[in-house]
Number of protein chains: 2
Amino acid sequence: MDQNTDDVRRKRPPERDLDAMDRKLLGVLVEDATTSYAELGERVGLSPPAAHERVKRLRRSGAIRRVSALIDPDAVGKTLLAFVHVDTTGWGKTQALLAIEECPEVEEIHSVAGDTCMLLKVRTESTHALEGLLARLYDTPGVKATRSYVVLSTYLERPVQPGTTSDWPAVVKG
Amino acid sequence: MDQNTDDVRRKRPPERDLDAMDRKLLGVLVEDATTSYAELGERVGLSPPAAHERVKRLRRSGAIRRVSALIDPDAVGKTLLAFVHVDTTGWGKTQALLAIEECPEVEEIHSVAGDTCMLLKVRTESTHALEGLLARLYDTPGVKATRSYVVLSTYLERPVQPGTTSDWPAVVKG
DNA sequence: GATGAAAGTTACTCAAG
DNA sequence: CTTGAGTAACTTTCATC
C-alpha cells in the first residue's frame, strides 16, 4: 500500500504474547528506563540475567520501540499546545498534507473517524508560530478548513502504559 | 522573525536558557537516550566530559523530565486510539473528572479552549474497553456529553522535539 | 529461571592545560 | 572547554545448577 506509514506502524510478528512479568518490566522501564538490571530484577522478582534476557527480547521484538529522553516543553520554549482538526476535500491523506511532519512543532498526525478528517497535535513557541503552521496548512491543496483547540492546562500526559483497567483487582461499578 | 531580547521569563529553575548545543544534545537523546557520552559528544562536537556535564545539567534543571522506554501500543494489545471531547456543565475541572487518570488507558487530559471543555487521549484494547471508559465518564457528575474521534491511522507520533521550524535555514514548500 | 563469574564498556569524577 | 587518567559501576555473555 503506502510506505509512509512504515515508520510509525511496524508490523512485526509477535513471537510470543507478553505475560504479566513482561508487563511489569515494561511498567518500570516506562517510568525510568535508566533502571539497572539489578534493580529491575529486584522490583519484578527476577534475577538480573533473567531480567536482562527479557528486556533484550522486548527490544528485539519491537515491544520497546526506543528509549527516549522526554523533555519539558517549557524548557525548550514550547508553551503552546494545540489540537488541530483538519477538514479536507475528498480523501485527506495526501502527500502534501503529510509533509508537515517535517515541522518539529507537529508531534502527531492521525486520520480519524468523525466530523473531521485529520487530527494534529501541535506544540509551538507562540500563537504566532501556530498561525504560521495554520497558514501552511491552508496553503496545502485539499485543505478546506481547520478547527484549533488550544490547550489551557495539561493535567496528564504520559507515554503508552503497559497496563489496562482490567488488570485491576476489582472494578467497582454502580 | 526576531525575538525580544529583553524577554526575561525565568519561571522555572533553568539557570540559563538552552543554547544551540543543548538543543543538539536533546535532539540526539530524544531519538536514542542510550547513546553513550562518547558518541554523544562526537555527534554534537563536544568532548565526552563536556557532553556529560551538559546532560547532567539538563537533567537537574528538569529540561529532561525523564528517560522512558516507549513501547509499541500493538505489542501490549492497545490497538484502539481515540480522542474524546468532553462537554461539562459549568467548569469541567472537577476532581471526579480528573480521577480517570487512574485508568492506564487515559494518556492525556487537557482543558481546552473551543467548543468543548476537556480533551482526552485514550488508548484501549478494544471498542468495548472504550465504551467502558465512556460509561465511566458519563457516570461522572458534571459530564454533559462526549464526542469521540476514533483514530483510523497514525502517520506520526513522536515525543516533544527540541527544534522549531524557525531553526531551519529555508522553508521548502511543496 | 537462578547463581556465579568473567570480560568489556561505560559512567563518573577529577586532575591539568 | 579539552585531554588524559582513574575508579566504580554496569552491561553482556557464559557456564553452572
Side-chain angles (χ1 to χ4, degrees), chain A residues 10 12-72 75-77 159-160 162-163 167, chain B residues 10 12-72 75-77 159-160 162-163 167:
Chain A
R10 289 193 194 276
R12 288 221 184 150
E15 306 166 2
R16 290 185 291 271
D17 258 8
L18 275 50
D19 60 3
M21 190 61 79
D22 288 323
R23 305 232 177 201
K24 286 171 70 177
L25 286 169
L26 288 176
V28 175
L29 292 178
V30 165
E31 291 306 309
D32 184 8
T34 69
T35 309
S36 70
Y37 291 116
E39 185 183 344
L40 196 55
E42 189 182 359
R43 292 183 58 176
V44 302
L46 235 56
S47 70
H52 176 250
E53 197 60 38
R54 292 186 88 114
V55 171
K56 201 168 59 177
R57 207 188 65 222
L58 288 171
R59 275 190 301 225
R60 201 185 57 230
S61 70
I64 296 180
R65 272 193 177 146
R66 60 169 159 172
V67 175
S68 175
L70 303 188
I71 67 187
D72 180 14
V76 292
V160 180
D167 293 337
Chain B
R10 306 268 198 271
R12 288 285 170 131
E15 307 157 3
R16 293 185 292 270
D17 256 9
L18 274 50
D19 60 4
M21 191 60 79
D22 288 322
R23 305 230 177 203
K24 286 171 70 176
L25 286 168
L26 287 176
V28 175
L29 292 178
V30 165
E31 290 306 310
D32 184 8
T34 69
T35 309
S36 69
Y37 291 118
E39 185 183 344
L40 196 54
E42 189 182 0
R43 292 183 59 176
V44 303
L46 234 57
S47 70
H52 178 253
E53 196 59 39
R54 279 184 177 255
V55 172
K56 202 168 59 177
R57 206 189 66 221
L58 288 171
R59 275 191 302 224
R60 202 186 55 229
S61 71
I64 296 180
R65 272 191 176 152
R66 60 170 159 172
V67 175
S68 174
L70 304 187
I71 66 186
D72 180 15
V76 292
V160 180
D167 293 336

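The sequence lines fix the lettering, A, B, ..., with proteins before strands; numbering per chain opens at 1.
Between dT13(D), dC1(D), dA11(C), one nucleotide has an atom nearer to the side chain of A50(B) than all others, and that is dC1(D).
Looking at heavy-atom distances under 4.0 Å, S47(B) makes contact with a base.
Side-chain N/O atoms of H52(B) include none lying less than 4.0 angstrom from OP1 or OP2 on dA11(C). OP1 and OP2 of dA11(C) both lie 4.0 Å or more from every side-chain N or O belonging to K56(B).
Between the CD atom of E53(A) and the P atom of dT12(D) there is a distance of 11 Å, given to the nearest Å. Between the CZ atom of R54(A) and the P atom of dT12(D) there is a distance of 17 Å, given to the nearest Å. Across the protein-nucleic acid pair, R57(A) atom CZ and dT12(D) atom P stand 16 Å apart, rounded to whole Å. To the nearest angstrom, P of dT3(D) lies 12 Å from CD of E42(B).
Comparing P49(A) and Y37(A) against DNA chain D, the residue whose closest nucleotide sits nearer the 5' end is Y37(A).
Salt-bridge annotation for D19(B) and R54(B): present, with a side-chain N of the basic residue lying under 4.0 Å from a carboxylate O of the acidic one. Classification of D22(A) and R57(A) as a salt-bridged pair holds, one side-chain N sitting under 4.0 Å from a carboxylate O.
Under the 4.5 Å side-chain criterion, counting only non-hydrogen atoms from C-beta, L18(A) is in contact with L26(A).
To the nearest whole angstrom, the two C1' atoms, one in dG17(C) and one in dT7(D), are 23 Å apart.
Taking E53(B) as the reference, K56(B) meet the side chain to side chain contact (heavy atoms under 4.5 Å, CB included) condition, with sequence neighbours excluded.
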